[in-house]
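For reference, the structure is listed below as structure tokens.
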Amino acid sequence: MRSKVIAGNWKMNKDADESVELINGLLTRGAEIPAAVTVVLCPPFTSLAIAHRLLDGSPFFLGAQNMHYEDEGAFTGEVSAAMLKSVGCSYVILGHSERRQLFGETNELVNRKLRKALASGLTPIVCVGETLEEREREVTEQVISVQLKGALKDVSEADVARTIIAYEPVWAIGTGRNATPDQAQDVHRFIRKLIGQMYSWTTAEKVVIQYGGSVKPDNAAGLLGKPDIDGALVGGACLKVESFFGIVKATSL
Ligand code: PEP
């Protein structure tokens, strides 16, 4: 039985003081997290250290939104896996569509980051998803297949079992237009079958596949009730305690 993972991607929102306020608000609701649910907060880099201190001893896990694949060196503006671990991160989002579209991240780069994250003991959340134009051309499965195979190149079966995949249709991110539960379930099933073909069905059944794209308290239960949807990667709705917890609690509806 896969447990559900709800992760909040804060993106480039919340300065240090605002982060403290949001985290303190979330901490007041920690006892409401259902036993089989993992909740991960992914604030910007500048808030990770303070988040680490505030979340100590709480049921929340900490994640970052990106990392570099090298250990250290002349990589201005970048942050390594070891640095993330030093501020308490156990998760890292990789290959988000905004990184792919706005910062030119390729499948090859995502693969290098993924292998480094796994080697460092971080749990990667690898994002895949098609654009609206690709969905309309009916090439969603081909696009996902190329992204997934590229990201998982040379990743062992043991490692893929502890990798989280986030299916995030680009047309649903920040648009208020979510995939229907059936549309999302179809792609999640496709992803699981693909992992089954690449590795084994036993491993495919272990992989947590999150849905992301305009998840809100009022659509979360429908999405999370589908058999292959094992959680959510939440953008806009994670910036307010009430809406984030509306989604966390939808896991048990
Ligand atoms: C995201 O950025 O990963 C995301 C899913 O955003 P939103 O929930 O705002 O669509």
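Computed from heavy atoms alone, side chains included, the values below leave out hydrogens, waters and symmetry copies. Read the numbers this way: they start at 1 and go in the same order the structure lists the ligands and their atoms.
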Check your understanding: Going through the checks in order, is the salt bridge (Lys or Arg N to Asp or Glu O under 4.0 Å) test met by Glu205 and Arg192?
Key -> CA-CA 7 Å; Glu205 285 199 301; Arg192 200 174 305 286; over 6 Å; no

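- By the criterion of a heavy-atom distance under 4.0 Å, neither the backbone nor the side chain of Ala166 is placed next to ligand 1.
- For ligand 1 and Ala172, the ligand atoms under 4.0 Å from any heavy atom of the residue are 10 (O).
- To the nearest 0.5 Å, atoms CG (Leu62) and NE2 (His52) are separated by 8.0 Å.
- With respect to atom 8 (O) of ligand 1, the closest heavy atom belonging to the protein is Gly235 N, 2.8 Å.
- Between Trp10 and Gln65, some side-chain heavy-atom pair lies under the 4.5 Å cut-off.
- Residue Val234 has no nitrogen or oxygen atom sitting less than 3.5 Å from a nitrogen or oxygen atom of ligand 1, judged on distance alone.
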**Study point:** Evaluation steps, salt bridge (Lys or Arg N to Asp or Glu O under 4.0 Å), between Glu242 and Arg29
**Key:** CA-CA 9 Å; Glu242 201 50 44; Arg29 308 281 303 264; 3.1 Å; yes

**Study point:** Stepwise side-chain hydrogen bond (donor to acceptor under 3.5 Å, both in side chains) test for Glu134 and Thr131
**Key:** CA-CA 5 Å; Glu134 289 162 341; Thr131 62; 3.2 Å; yes

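- Of the options Lys113, Arg112, Arg100, a salt bridge (Lys or Arg N to Asp or Glu O under 4.0 Å) to Glu105 is made by Lys113 and by none of the others.
- Of the protein's heavy atoms, His96 NE2, 3.2 Å lies nearest to atom 1 (C) of ligand 1.
- A salt bridge links Arg162 with Asp159: at least one charged nitrogen is closer than 4.0 Å to a carboxylate oxygen.
- Below 3.5 Å of separation, one finds an N or O of Gly174 facing an N or O of ligand 1.
- Considering NZ of Lys216 and CZ of Phe244, their distance stands at 12.5 Å, rounded to 0.5 Å.
- The shell of residues lying under 4.0 angstrom from ligand 1, judged by heavy atoms, excludes Cys127.
- For Ser214, a nitrogen or oxygen atom sits less than 3.5 Å from a nitrogen or oxygen atom of ligand 1, counting backbone and side chain alike.
- Contacts between Asn9 and ligand 1 below 4.0 angstrom, taking non-hydrogen atoms only, involve the side chain exclusively.
- Inclusion of Glu168 in the set of residues having an N or O under 3.5 Å from an N or O of ligand 1 is warranted.
- Within the structure, ligand 1 has Gly213 among the residues with a heavy atom less than 4.0 angstrom away.
- Judged by the shortest distance from any of its heavy atoms, Lys216 lies outside the 4.0 Å radius around the atoms of ligand 1.
- Remark: ligand 1 and Gly236 share an N or O pair separated by less than 3.5 Å (distance only, no angle test).
- Side-chain contact check for Thr28 versus Asn24: every heavy-atom pair is 4.5 Å or farther apart.
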